[in-house]
Novice: 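Quick one: the structure is below, and I'll ask about it shortly.
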Amino acid sequence: MTDPAHATCEVEMAADHDAMAPAIDTIEAHLEAVDATMKQIYMVRLALDELLSNTIKYGYDDPAGQTIRVRVEPGPPMTLVLTDAARPFNPLTDAPAPVLEGRIEDRPIGGLGLHVIQSMGMTLNYRRDGVHNVLCVTLPADS
Amino acid sequence: MKMEIIQTDGSYTHIKLTGKLDIAAVEQIDIKFTAHVAAARKPAIIDISGLDFLSSLGLRTILSNAKALIAAQKKMVLMNPQPLVMRVVETAGILPFIPVAKTVDEALTLIA
């Protein structure tokens, strides 16, 4: 087991889809090294795949030169902190609600990601800090 | 991410996905998957037993293909998801439209 004092992991990545996999793999390797559970590793991947891709796709007029910082705090509870200088976006209030009722043919494909993250028991907290979005994702205590 | 075509001729499509279906994998397989599933307009069995990660973006690929099949009066069945993958599928509220089977025989009954 890694000394908990050194168990926080921070990765700064380019705001580019191609930078996602190396960043997520680095974080996963860290989580494995500190004996995170399979469920924690799954949830971290799930949250990062959705949240990073949303920020990169919708957050910038031009993402060139922009970076996103991801910090993983082991907790408990384990927490992810995503910091970016994208346009202000509070996923709790600004994201479209998913359509989960009615005929599947009539449902839009999008909007599921945040719903899935929250349904898996993760809690989101957002704040705007100057020019930065700061999004905290707290994993459930039993993960 | 590996996409294995078990069967595309005959009366149904059978595909096996192995690995991690995340945004990078979606970019890798989306066109091929859609060509063999939605465009084939045949009932589809998608074996996801070897999928150890499914993100909501991966789920969108499965869902958009299922929608196309349903619009053509055909069905898609998912086979043998691992527990955490199953949980993602459940939370998306799609099980009434895309059922889950444990065996090929059960899947064939569900797509009939």
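The figures that follow rest on heavy atoms only: side chains count, while hydrogens, waters and symmetry mates do not. The model shown is predicted, which means the values in this text are computed figures rather than measured ones. In the text below, chain A, chain B and the rest are named by the order of the sequence lines, each starting its count at 1.
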Novice: How about CZ on Arg41(B), more than 12 heavy atoms from neighbouring residues, nucleotides or ligands closer than 6.0 Å, or not?
Specialist: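 For Arg41(B), atom CZ is not crowded (no more than 12 foreign heavy atoms under 6.0 Å).
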Novice: Would you say Leu108(B) and Ile98(B) are hydrophobically clustered, going by side-chain heavy atoms of ILVMFWY under 4.5 Å?
Specialist: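 Leu108(B) does not cluster with Ile98(B).
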Novice: How many angstroms lie between atom CG of Asp25(A) and atom NZ of Lys20(B), to the nearest 0.5 angstrom?
Specialist: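 Between atom CG of Asp25(A) and atom NZ of Lys20(B) there are 7.5 Å.
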Novice: Quick one: what part of Met20(A) sits under 4.5 Å from any heavy atom of chain B, side chain, backbone, both or neither?
Specialist: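 Side chain only.
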Novice: Can you check side chain to side chain contact (heavy atoms under 4.5 Å, CB included) on Leu63(B) and Leu112(A), steps first, answer last?
Specialist: CA-CA 11 Å; Leu63(B) 189 51; Leu112(A) 274 179; 3.7 Å; yes
Novice: Any idea which of Ala92(B), Pro96(B), Ala71(B) has the most non-hydrogen atom pairs under 4.5 angstrom with chain A?
Specialist: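 Result: the option with the highest number of such pairs is Ala92(B).
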Novice: Would you sort out whether Met38(A) and Gln82(B) count as a side chain to side chain contact (heavy atoms under 4.5 Å, CB included), showing the intermediate values?
Specialist: CA-CA 12 Å; Met38(A) 272 182 61; Gln82(B) 296 177 22; 5.6 Å; no
Novice: Answer yes if Val116(A) and Phe89(A) sit in the same cluster of Ile, Leu, Val, Met, Phe, Trp and Tyr residues linked by side chain heavy atoms under 4.5 Å apart, and no otherwise.
Specialist: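 Different clusters: Val116(A) never reaches Phe89(A) through Ile, Leu, Val, Met, Phe, Trp or Tyr contacts under 4.5 Å.
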Novice: For the residue pair Ser56(B) and Gly113(A), what are the closest heavy atoms and their distance?
Specialist: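 Closest approach of Ser56(B) to Gly113(A), heavy atoms only: OG-CA, 3.3 Å.
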Novice: Test of understanding: clusters of I, L, V, M, F, W, Y form through side-chain heavy atoms closer than 4.5 Å, transitively. Do Leu51(B) and Met3(B) belong to the same one?
Specialist: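 Looking at the clustering, Met3(B) is in the same group as Leu51(B).
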Novice: What's the separation between atom OG in Ser55(B) and atom CD in Glu50(A), rounded to the nearest 0.5 Å?
Specialist: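 The CD atom of Glu50(A) is 7.5 Å from OG of Ser55(B), to the nearest 0.5 Å.
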Novice: So, for Met120(A) and Val88(B), which heavy atoms are closest and what is the spacing to 0.1 Å?
Specialist: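 Taking every non-hydrogen atom into account, CE-CG2, 4.0 Å.
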Novice: How many angstroms lie between atom CZ of Phe53(B) and atom CD1 of Ile41(A), to the nearest 0.5 angstrom?
Specialist: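 Phe53(B) CZ to Ile41(A) CD1: 11.5 Å, rounded to 0.5 Å.
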Novice: Does Asp49(A) use its side chain to pair, donor to acceptor, with the backbone of Asp22(B) at less than 3.5 Å?
Specialist: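 No.
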Novice: Do Val134(A) and Ile117(A) sit in the same hydrophobic cluster, where Ile, Leu, Val, Met, Phe, Trp and Tyr count as joined when their side-chain heavy atoms come under 4.5 Å apart?
Specialist: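 As far as the 4.5 Å side-chain criterion goes, Ile117(A) and Val134(A) are not connected within one cluster.
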Novice: Look only at the side chain of His115(A) and the backbone of Thr91(B), and say whether a donor-acceptor pair between them is shorter than 3.5 Å.
Specialist: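 Side chain of His115(A) to backbone of Thr91(B): a pair is present.
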Novice: Taking a hydrophobic cluster as the set of Ile, Leu, Val, Met, Phe, Trp and Tyr residues connected by side-chain heavy atoms closer than 4.5 Å, whether directly or through intermediates, do Ile48(B) and Ile94(B) fall within one such cluster?
Specialist: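 Yes: a chain of side-chain contacts under 4.5 Å links Ile48(B) to Ile94(B).
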Novice: Could you go step by step and tell me if Asp52(B) and Tyr42(A) meet the side chain to side chain contact (heavy atoms under 4.5 Å, CB included) rule?
Specialist: CA-CA 9 Å; Asp52(B) 51 33; Tyr42(A) 194 104; over 6 Å; no
Novice: How close do Leu57(B) and Ser53(A) get, counting heavy atoms only, and between which atoms?
Specialist: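 Nearest pair, atom of Leu57(B) first, then Ser53(A): CD1-OG, 3.3 Å.
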